[in-house]
Amino acid sequence: MDCVLIESLELETVIGVYDWERSIRQRLTLDLELATDIRPAAADDDLTKTLDYAAISQRIAGFADEHDFALVETFAERLAQLLMEEFGVPWLRLTLRKPGAVPAAAAVGVRIERGKRQESAR
Ligand SMILES: Nc1nc2c(c(=O)[nH]1)N=C([C@H](O)[C@@H](O)CO)CN2
């Protein structure tokens, strides 16, 4: 299975369950593995035949701007749905970290996998 990767994407958003978190923007970092068959794009050297990681990163930054969830779980789940629907991603693994939320930890967060892996014929 081929993947397009986005690693350590830095986002700013309103997120948190406590009152003091509702009026500030906090940093999240995102790792993504997005399943896609890269061979058509590679064969024709054509960006339109693959997932454009720049366009997807920009869309994710917009998503972070538009929403103010309480939980990282909600952010991750809603973002996964968006990526699968808008970009036709059949399977993804998404790791969302909230650095600084627990001072004794480098980061805390969630990792989810959604969709079906499609093993490609060789
Ligand atoms: N599983 C989770 N636990 C906690 C979350 C969360 O989103 N998911 N959030 C908080 C607070 O917002 C925390 O980040 C403030 O430091 C606590 N636990």
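On a predicted model such as this, the values are computed, not experimentally measured, just so you know. Numbering of residues begins at 1 and proceeds along the displayed sequence. What's counted below: heavy atoms across the whole structure, side chains too, no hydrogens, waters or symmetry copies. Both ligands and their constituent atoms are indexed starting at 1 by order of listing.
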For Arg22 and Asp68, indicate whether the former's side chain and the latter's backbone hold a donor-acceptor pair under 3.5 Å.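 At least one qualifying donor-acceptor pair exists.
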Show the numbers, then the answer: is there a salt bridge (charged side-chain N to carboxylate O under 4.0 Å, His left out) between Glu21 and Lys98? CA-CA 13 Å; Glu21 298 187 278; Lys98 189 175 180 183; 2.9 Å; yes
Take Arg97 and Arg27 through the side-chain contact (heavy atoms from CB on, under 4.5 Å) test and state the conclusion after the steps. CA-CA 9 Å; Arg97 295 185 174 88; Arg27 189 164 61 94; over 6 Å; no
How far apart are the C-alpha atoms of Arg114 and Leu83, what are their side-chain angles, what is the distance that settles it, and do they pass the side-chain contact (heavy atoms from CB on, under 4.5 Å) test? CA-CA 10 Å; Arg114 294 293 178 268; Leu83 294 171; over 6 Å; no
Heavy-atom cut-off of under 4.0 Å around ligand 1: list whichever protein residues fall inside it, by chain and number.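 Lining ligand 1 at under 4.0 Å, by heavy atoms, one finds Gly16, Val17, Tyr18, Glu21, Leu71, Val72, Glu73, Lys98, Ala101.
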Return yes when atom CD of Gln58 has more than 12 non-hydrogen atoms of other residues, nucleotides or ligands closer than 6.0 Å, and no otherwise.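 Count not over threshold, so no.
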Can you tell me how the ring of Phe75 sits relative to the ring of Phe63, calling it parallel under 30°, perpendicular over 60° and tilted otherwise?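 Because their plane-to-plane angle is over 60°, the rings of Phe75 and Phe63 count as perpendicular.
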